[in-house]
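Worksheet: the structure to be examined is printed underneath.
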Amino acid sequence: MSAAEAANELSVYQSMAARFDVAAAKLQLDEGLTQYLRSPNREIIVHIPVAMDTRRLRVFDGYRVQHSFARGPCKGGVRYSPNVTLDEIRGLAAEMTWKCAVVNIPFGGAKGGVVCDPAQLSQGELERITRRYTAEILDYIGPERDVPAPDMNTNEQTMAWIMDTYSMHMRHTVTASVTGKPVDLGGSQGRREATGRGCMISIDEALKRFSWKRQETRVIVQGFGNVGSEAARLMHEEGYKIIGVADVGGGVFNTKGVQIPALLEYAKENGSVTGFPGSESIGAQEILEQECEVLLPAATESVITSKNAHKIKARILAEGANSPTTPPADAILFDRGVFVIPDILANAGGVTVSYFEWVQDRQGYFWPELVVNDRLKNIMVAAFDEVVHYAEKHKVHNRIAAYMLAIDRVAFSVKLRGIYA
Ligand code: NAD
């Protein structure tokens, strides 16, 4: 593989586009419509001046890409990382459109990011970055336009700052301007766990197809942040055997099962899962290649590529992270008979409960956690069944089926609305 091909494999936008092209061709989508749906609606680039604690001024680059509002306001997370690029945000924004359509909620897709390293920033600096970023994109966001949510290295506090900045400009409190807020500020019960819970629900559905029992199912989780830790905690509670967990610092492994509640405490105190007593150490990439029934990458993109896909031993790959698998790896996994629950289905629990949060904020009426979890389960199970049914009917693998289902829904809305001239 040439250097250019390798870079292409790792491009989140190229990965999305490659899958989109296959699905659009299978759907025999009109050429002009294909071009329209493949391109983002709007890309915003901002350069954010921020007074650092030292009083020195620094400028950070930020992005917000709005891929589609054909089915409703745009929806998508904001990530903070030194590795954020426009290409990545563009790809993730499109994936959000497809994800919202797979679970059939009335949103289009967006994504945002700021190029910064939160580990090197104080809380005050992070707050000033967040507020200025919000102010720079203010005209393009809002409950009816585009609703940000947390993603890598952003959290409930970040959302509270965005909501407050937006509200100050509107001169009244607009809780529906973001989701993933603290519950005390109009957040939804169950949102924090929603992505991890959604992963578990889709894995439960896959297990039924294999007639496996949770107690006999060994699981490996890469990533121990919001998605990975909540998925591991819930799955441990429901009887799954979590035999390996990794974060950016490295992994821990125990074939008898890792005690997740103790690991959560340990990681909170030590800032990493590494060195957890009673377990073996293992590399964060190496852990993906271990024997297990379910592999849950819930950390970052492009961790399963053409280089390591043939070493994956899991029977079920549930993608908690966005875009953890590259298209060349898809083909290898398919040939090896791995049952893939693609990201736009497996991790759609987060955006689904974000939708519930937006609905509750707009109604000013909040639902108990059991209602949230129950409605989440109904949506996830229906979407899982639809994707698997589509795959069987069209003789494609689950990822292409999920893209086909989503593109079909968005294309239908575009056709109904027509193109504004
Ligand atoms: P997070 O920042 O809370 O946690 C990320 C975790 O991954 C951390 O434990 C970190 O140490 C680990 N990590 C990072 N790079 C790693 C690497 N190379 N190897 C091993 N571990 C690594 O982020 P999150 O919100 O849990 O999001 C994780 C993934 O899930 C991202 O791809 C995100 O886009 C996706 N996602 C998140 C949500 C959500 O609701 N938070 C919803 C859908 C998808």
Side-chain angles (χ1 to χ4, degrees), residues 10 12 15 75-84 88-89 91-93 95-96 98-100 102-103 109-113 117-119 148-159 178-181 187-188 190-199 202 220-233 244-252 263-264 267-268 270-274 282-288 295-305 308 318-325 341-357 376 380:
L10 300 181
V12 175
S15 295
K75 186 88 195 75
V78 176
R79 58 172 54 181
Y80 290 172
S81 156
N83 306 322
V84 164
E88 173 194 59
I89 298 297
L92 293 168
E95 285 204 343
M96 283 305 297
W98 315 132
K99 190 182 299 181
C100 293
V102 165
V103 283
K111 201 80 178 188
D117 186 355
D151 194 72
M152 273 168 74
N153 296 323
T154 58
N155 53 29
E156 292 182 359
Q157 178 61 73
T158 324
M159 295 306 115
V178 293
T179 60
K181 300 177 290 296
S188 177
R191 172 61 184 91
R192 194 176 302 162
E193 306 84 5
T195 310
R197 183 178 294 280
C199 290
S202 57
I220 291 177
V221 184
Q222 188 201 45
F224 207 54
N226 174 282
V227 182
S229 72
E230 290 298 342
R233 183 178 67 79
V245 174
D247 62 24
V248 71
V252 292
L263 182 64
L264 282 162
K268 206 158 127 193
N270 298 279
S272 172
V273 298
T274 53
I282 187 163
Q285 272 295 112
E286 201 188 337
I287 204 166
L288 301 172
L295 178 61
L296 179 64
T300 189
E301 52 269 358
S302 306
V303 293
I304 302 174
T305 67
N308 63 351
E319 297 183 331
N322 284 316
S323 213
T325 311
I341 313 173
D343 50 3
I344 58 173
L345 171 63
N347 71 33
V351 77
T352 302
V353 176
S354 275
Y355 164 54
F356 297 162
E357 182 173 333
L376 170 65
M380 290 300 301

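Just so you know, residue 1 is the first one in the sequence shown, and it goes up from there. Just follow the structure's listing: the first ligand is 1, and inside any ligand the first atom is 1.
Inter-residue side-chain proximity for Lys99 and Asn322 is flagged as met; some heavy-atom pair is nearer than 4.5 Å.
The shortest N or O to N or O distance between Phe224 and ligand 1 is under 3.5 Å. Some N or O of Val248 is nearer than 3.5 Å to an N or O of ligand 1, by distance alone. An N or O contact shorter than 3.5 Å links Asn226 to ligand 1 by distance. In terms of polar-atom proximity, defined here as any N/O pair under 3.5 Å, Val227 does make such a contact with ligand 1. Between Lys99 and ligand 1, not a single N/O pair is under 3.5 Å apart. The distance criterion of under 3.5 Å between nitrogen or oxygen atoms is not met by Asn347 with respect to ligand 1. An N or O contact shorter than 3.5 Å is missing between Met152 and ligand 1 by distance. Of the N or O atoms in Thr195, one or more lie within a sub-3.5 Å distance of an N or O in ligand 1.
Contacts with ligand 1 closer than 4.0 Å are made by side-chain heavy atoms of Arg191 only, the backbone lying farther away. Neither the backbone nor the side chain of Glu301 has a heavy atom within less than 4.0 Å of ligand 1. At a heavy-atom distance under 4.0 Å, only backbone atoms of Ala298 (N, CA, C or O) approach ligand 1.
Atoms of ligand 1 lying under 4.0 Å from any heavy atom of Asp151, numbered from 1 in the order shown and given with element: 33 (C), 34 (O). Every atom of ligand 1 with a heavy atom of Ala321 under 4.0 Å away is listed here by number and element: 29 (C), 30 (O), 32 (O), 35 (C). Every atom of ligand 1 with a heavy atom of Ala284 under 4.0 Å away is listed here by number and element: 19 (N), 20 (C). Close contacts between ligand 1 and Asp247 involve ligand atoms 9 (O), 11 (O), 20 (C), 21 (N), 22 (C) [criterion: under 4.0 Å to a heavy atom]. Atoms of ligand 1 lying under 4.0 Å from any heavy atom of Gln222, numbered from 1 in the order shown and given with element: 19 (N), 20 (C).
Scanning the protein for heavy atoms near atom 18 (N) of ligand 1, the closest one is Thr300 CG2, 3.8 Å. Residue, atom and distance of the protein heavy atom nearest to atom 29 (C) of ligand 1 are Ala299 O, 3.4 Å. The protein heavy-atom contact nearest to atom 4 (O) of ligand 1 is Gly225 CA, 3.2 Å. For atom 2 (O) of ligand 1, the nearest non-hydrogen atom of the protein is Asn153 N, 3.3 Å.
Salt bridge annotation for Glu301-Arg79: present, with a cationic side-chain nitrogen under 4.0 angstrom from a carboxylate oxygen. Between Glu357 and Lys181, at least one side-chain N (NZ, or NE/NH1/NH2) sits under 4.0 Å from a carboxylate O, which counts as a salt bridge. With respect to Arg192 and Glu156, a salt bridge is recorded, a charged nitrogen being found less than 4.0 Å from a carboxylate O.
Once rounded to the nearest 0.5 Å, the distance linking OG of Ser272 with CG of Asp247 reads 3.5 Å. Remark: Lys75 NZ to Met96 CE distance equals 6.5 Å, nearest 0.5 Å. Atom CG of Leu295 is separated from atom CD1 of Ile341 by 11.0 Å, given to the nearest 0.5 angstrom.
The backbone N or O of Thr195 lies less than 3.5 Å from no partner atom in the side chain of Asn347, so there is not a single donor-acceptor pair. Panel note: side chain Asn153, backbone Asp117; no donor-acceptor pair is recorded below 3.5 Å. Checking side-chain atoms of Gln222 against main-chain N and O of Ala284 turns up a donor-acceptor pair under 3.5 Å.
Within the structure, the closest approach of Arg79 to ligand 1 falls below 4.0 Å when heavy atoms are considered.
For Pro150, the side-chain contact (heavy atoms from CB on, under 4.5 Å) criterion is met by Thr154, Met159, Arg191, not counting sequence neighbours.
One option in Ile344, Asn322, Thr352 has a heavy atom closer to atom 35 (C) of ligand 1 than any other, and that option is Asn322.
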Between Thr179 and Ser188, does a side-chain contact (heavy atoms from CB on, under 4.5 Å) hold up when you go through it step by step? CA-CA 8 Å; Thr179 60; Ser188 177; over 6 Å; no
